There are 2 protein chains.
Amino acid sequence: MSAVSERRERERAQRHRLIVTAARELAESEGWDAVTTRRLAERVEYSQPVLYSHFAGKEAIVGAVALEGFGELAARLGGARREAPEPGRAALHAVCGAYLDFAEAHPALYQAMFHLPNDLRFASDETPAPMRACFDEFVHCFRPDGRPELFAEVTWSALHGMAVLSDTARVRREEQAERLDLLVARLADAP
Amino acid sequence: MSAVSERRERERAQRHRLIVTAARELAESEGWDAVTTRRLAERVEYSQPVLYSHFAGKEAIVGAVALEGFGELAARLGGARREAPEPGRAALHAVCGAYLDFAEAHPALYQAMFHLPNDLRFASDETPAPMRACFDEFVHCFRPDGRPELFAEVTWSALHGMAVLSDTARVRREEQAERLDLLVARLADAP
DNA sequence: TGGATTGGCTAGCGATGCTAGGAACGATAG
DNA sequence: CTATCGTTCCTAGCATCGCTAGCCAATCCA
């Protein structure tokens, strides 16, 4: 491969990143409704069709943002668990708290990950690594005897429900900490 | 008011119902993406603008379907709880099972209630009665000492998370019963 | 029977996601 | 240095979306 085409590929990768970050910023500042292909193209200072030379469609762009979100979430959860590395109540509380904080701090990102139609596939062999990493953080909060995966699924479900019901004002946000404490108290391995 | 205008008002109310049920049927058979104002108008054999003489917009139509869903869900949860009228584990298991069954049996309806943009407002004074009724069914599964509302919120959150993660294939559906058992075992008042 | 009112329709607006087709650019061979 | 060839990217447009303006006809009251 020539140096020229290497440079071009590098530039292409840069533009790929530019599109993803522009979509994310636009969604975070004005909501996903504002992320139209036209506005996104204007933002990256290219015409509309170049988006389609990088992504199969809008769903793929949302998927790329969502994948970025899963990476950051995995990092946050991992950081929280390193504060309490042993399975048990403290670990679970730290990880669950980090999860809810993330969802509340990055609502647009969270929507891309769970609400919006995107092209990510779950619970299959080709599940992207960052998503598995998120799940594994929950798994490691429970002792390997017992059934850590089952507990992790229930934990994740409950947190997701709390996050989305809180985001859409179906439950009061002020009491989120109490709900978190209750959930952890009931699900965590002792101690 | 004359008999003539009474008849017209009756016919209007009929057409109102017709629109809501047509929207629901279309969503259940082909998904909400297929529910466009044009297809809906064609289905009820009127032109597009008549929809807007009944509803403020598409969100209001979705909201009407969602409200219908909350009514049916409240009935299902109430029926389940009447099988085990005392607060406790049996009541909670029955109600939670009915909730998950409902979400799995009526995915389009469930989407209208929780996923899609609609014009229903929650956690406020004007929360529609069927929605309060759903919540109250969870509350009554817990003893009035303790904190039944808090437990109800966590329960509902967990169920919602399980329903949506299962619907979008983020967790395996086959293990839903195990998750349900675990959730109930951990949250229910003894016995 | 004539004039006002109401109700529904046709037609169209702006915006959406996405695509075809050609223009202009840059790399390479003579 | 020039001519050719690919590639890249833009202009323009399609079908469809939610929604609305404005007219036409049927209906109601005098």
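When reading the values below, keep in mind they use all heavy atoms of this one structure, side chains included, and skip hydrogens, waters and symmetry mates. Each chain gets a letter, A, B and so on, in the order its sequence line appears, and its residues count up from 1. Everything numeric in this text was worked out from a predicted model, so none of it was measured.
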- Query: Do A:D167 side-chain atoms and A:P107 backbone N/O form a donor-acceptor pair below 3.5 Å?
  - Reply: no
- Note on the structure: From NE2 of A:H54 across to P of D:dC10 the rounded distance in Å is 11 Å
- Parallel under 30°, tilted from 30 to 60°, perpendicular over 60°: which one fits the rings of A:Y110 and A:Y99? perpendicular
- Task: Take the protein atom CD of B:E42 and the nucleotide atom C1' of D:dT16, then report the distance between them rounded to whole Å.
- Result: 14 Å
- NZ or CZ of A:R147 within 45° of A:F142 ring axis and under 6.0 Å: no
- Query: Does A:R24 pair with A:E28 as a salt bridge, N-O distance under 4.0 Å?
  - Reply: yes
- Query: Does B:E68 come within less than 4.0 Å of B:R17, counting only side-chain N to carboxylate O?
  - Reply: yes
- Query: What's the CD-C1' distance between A:E11 and D:dT7, to the nearest Å?
  - Reply: 13 Å
- Note on the structure: B:R15 CZ to C:dG7 C1', in whole Å, measures 8 Å
- Task: Check whether the side chains of A:T36 and A:R38 place a donor and an acceptor atom closer than 3.5 Å, and report yes or no.
- Result: no
- Task: Hey, can you tell me if B:H160 and B:H115 have their rings parallel, tilted or perpendicular (30° and 60° cut-offs)?
- Result: tilted
- Message: Just to be sure I understand the geometry, which residues of residues 19-31 of chain A put a non-hydrogen atom under 4.0 Å away from DNA chain C?
- Response: none
- Can you check the B:E45 CD to C:dG8 C1' distance for me, whole Å? 15 Å
- Message: We want to know whether A:R179 and A:Q176 form a side-chain donor-acceptor pair, criterion being a heavy-atom distance below 3.5 angstrom.
- Response: yes
- Here the distance between atom P of D:dG18 and atom CG of B:D119, to the nearest Å, is 16 Å
- Task: Return no unless some side-chain N or O of B:R12 is found under 4.0 Å from OP1 or OP2 of C:dT6.
- Result: no
- Task: Round to a whole Å and report the spacing from CZ of B:F55 to P of D:dC19.
- Result: 13 Å
- Indicate the ring-plane relationship of B:F114 and B:F70, choosing parallel, tilted or perpendicular according to the 30° and 60° boundaries. perpendicular
- Message: Treating primed atoms plus P, OP1 and OP2 as sugar-phosphate and everything else as base, which nucleotides of nucleotides 12-21 of chain C get B, S or - for protein heavy atoms under 4.0 Å?
- Response: B---BBBBB-
